[in-house]
Amino acid sequence: MGGLGRDAWAWLGVVAVMLLAQLAGASHVVYENHLDLEAAAAAVPPSIVDPQLRPGYHFQPPKNWINDPNAPLYYKGWYHFFYQYNPRGAVWGNIVWAHSVSRDLINWVALEPAIEPSIPSDQYGCWSGSATMLPDGTPAIMYTGIDRPGVSYQVQNVAYPRNRSDPLLREWVKPGYNPIIVPEGGINATQFRDPTTAWRAGGRWRLLVGSVAAAGGGGARGAAFVYRSRDFLRWARVRRPLHSAPTGMWECPDFYPVEAAGRREGLDTSVPGRPRVKYVLKNSLDLRRYDYYTVGTYDRRAERYVPDDPAGDECRLRYDYGNFYASKTFYDPARRRRVLWGWANESDTTADDVAKGWAGIQAIPRTVWLDPSGKQLLQWPVEEVDALRGKSVTLKGRVLKPGQHLEVTGLQTAQADVEVSFEVPTVAGAEPLDPALAHDAERLCGARGADVVGGVGPFGLWVLASADRRERTAVFFRVFRAAAGGKPVVLMCSDPTKSSLNPNLYKPTFAGFVDTDISNGRISLRSLIDRSVVESFGAGGETCILSRVYPSLAIGKNARLYAFNNGKADVKVSRLKAWEMRKPLMNGA
Ligand code: DQQ
């Protein structure tokens with residue numbers, strides 16, 4: 001009874017907030033129209049990106065710019081999601097923490113921004129940060145504040161909910177003792193940001209702040225500094241960073257435990273150390289704008305992390321080999337899983353973003369866990385997204401001869417979910433792997449794209465394709481002959497070079513190797529297609545690639561879906577199932 005009562009109140013609160021937001025939004029639009037529309041229309045050329053390319057089920061606000069996910073957390077039955085947001089336009093700037101809530105990670109209701117510049121230590125910006133659940137169940141948010149104009153001098157602040165009995169956590173209070181961490185002892189104050197979720201062991205809290213360490217010969221080293229505290233109030237830096245590598249600035253570090261070898265269950269960030277617990281350290285490399293991680297061991301007495309693979313720091317593993325940055329995980333106690341959020345920027349032009357009035361989405365939240373090999377993570381869309389599946393079509397046992405393709409008809413596929421299992425009868429005809437490209441998936445895919453005939457593959461999907469297939473985005477595999485005694489090498493690519501007839505778009509080819517043994521003949525692919533998003537999971541989540549594409553013909557009902565084979569060997573589509581995807585509640589967008 002008590003629980004039901006609280007739920008009812010919470011929903012009433014949400015409905016009231018939505019109505020208020022709509023009223024406020026309406027008056028804001030009128031105000032903007034009166035003041036700005038003429039000037040804006042004169043200054044901004046019309047967008048070449050069709051409004052129908054706005055994603056339907058990927059997280060987004062009704063308008064404006066968004067970037068990093070911040071402080072995802074679960075509280076009293078609600079998922080909370082905060083994100084970097086510009087309330088005044090579709091380019092980065094004026095950053096506040098926007099706030100949305102959800103029961104299921106898929107349907108979202110926008111609340112008022114949670115954290116905005118309001119105190120001396122954040123008056124020039126409220127940048128990224130994380131949430132920590134304190135032992136009494138109170139969530140604490142740590143975030144980076146910019147405290148002076150001109151230079152972005154960075155300090156770390158804390159905020160607490162004003163009212164812990166409000167499941168929607170609508171108001172956040174910044175104690176007067178902020179900032180709680182300032183750059184000292186030689187730290188570069190303009191490269192010192194994005195505190196992680198804190199973890200507790202032996203009566204002490206620890207958290208990481210992303211930074212750079214003094215350059216030792218070659219360029220700046222990315223570094224994750226450890227701060228420790230007994231009371232969550234006074235924090236002291238451990239002299240040596242938890243870890244560092246010669247990569248340039250580490251933004252948005254993330255550090256968390258995972259169950260060793262193959263157990264899908266997630267672990268709380270403060271889980272007591274156990275022999276079968278491994279650790280993941282992820283950093284967002286400012287220079288490359290990609291998220292890299294390693295799997296390794298954490299020694300909490302020495303406050304050091306050591307990657308298992310000594311070459312791991314050479315940027316080998318990425319969460320996603322496409323457009324995916326500044327990601328953050330959280331432990332979901334309701335379903336005992338670790339969930340990953342990541343930001344996907346646009347790949348149109350800034351002028352397009354200004355003209356369309358919005359920029360940026362979040363990838364579908366993904367469950368992450370350690371692969372049975374222990375060498376890398378596996379990722380899969382949270383199961384709640386399956387609830388959006390509607391009308392479906394299934395194909396079985398269809399052989400694609402060399403050069404053949406097969407259209408999937410009977411449903412709209414501009415907003416769809418596709419799962420396909422391929423079978424290759426033999427890998428004997430696989431092409432040799434150029435040793436010069438053996439470690440560079442992106443160059444390999446650039447050189448041998450979806451239309452370059454191979455031995456085994458390229459085979460995969462053409463998505464968001466026009467009826468004449470002049471427009472198509474290829475997501476595919478290509479198999480290479482192994483070096484003596486090794487298993488065949490599988491490459492997964494997203495080739496958007498034909499995704500749009502519009503020549504003015506950024507169309508990067510993305511690719512990653514897939515750690516799978518294709519000699520057993522089978523490999524799977526799942527693609528979440530969402531108007532201008534293609535988010536794909538190869539071999540059950542071994543390799544993931546998110547691309548943003550903006551077709552000019554393959555829009556709405558005109559978007560088609562095909563399976564194709566451009567190799568010299570037959571490939572069987574043993575099973576393909578595609579679903580139309582419904583649009584969830586999406587912040588009123
Ligand atoms: N975005 C935030 C920073 C972070 C960067 C500012 C990463 O805190 O380092 O919007 O995208």
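Atoms within each ligand, like the ligands themselves, are counted from 1 in listed order. Because only heavy atoms are used, hydrogens play no part in the values below, and waters and symmetry mates are left out as well, while side chains stay in.
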Any N or O of [X] that comes nearer than 3.5 Å to an N or O of ligand 1?
| X | result |
| --- | --- |
| Trp127 | no |
| Tyr325 | no |
| Asp194 | yes |

Numbering the atoms of ligand 1 from 1, which are under 4.0 Å from a heavy atom of Asp68?
-> 1 (N), 2 (C), 3 (C), 4 (C), 5 (C), 7 (C), 11 (O)

Does the side chain of Thr269 pick up a donor-acceptor pair with the side chain of Arg338 at under 3.5 Å?
-> yes

Salt bridge present between Lys328 and Asp254 (N-O < 4.0 angstrom) | no

N-O pairing of Arg288 and Glu442 below 4.0 Å = no

What do the steps show when you test Glu112 against Arg170 for salt bridge (Lys or Arg N to Asp or Glu O under 4.0 Å), and what is the final call?
-> CA-CA 7 Å; Glu112 286 299 308; Arg170 274 170 283 213; over 6 Å; no

Which bit of Asn67 gets closer than 4.0 Å to ligand 1, counting heavy atoms only: side chain, backbone, both or neither?
-> side chain

Return the residue, atom name and 0.1 Å-rounded distance of the protein heavy atom closest to atom 10 (O) of ligand 1.
-> Gln84 OE1, 2.7 Å

Which one of Arg228, Arg240, His243 satisfies the side chain to side chain donor-acceptor pair (under 3.5 Å) criterion with Glu303?
-> Arg228

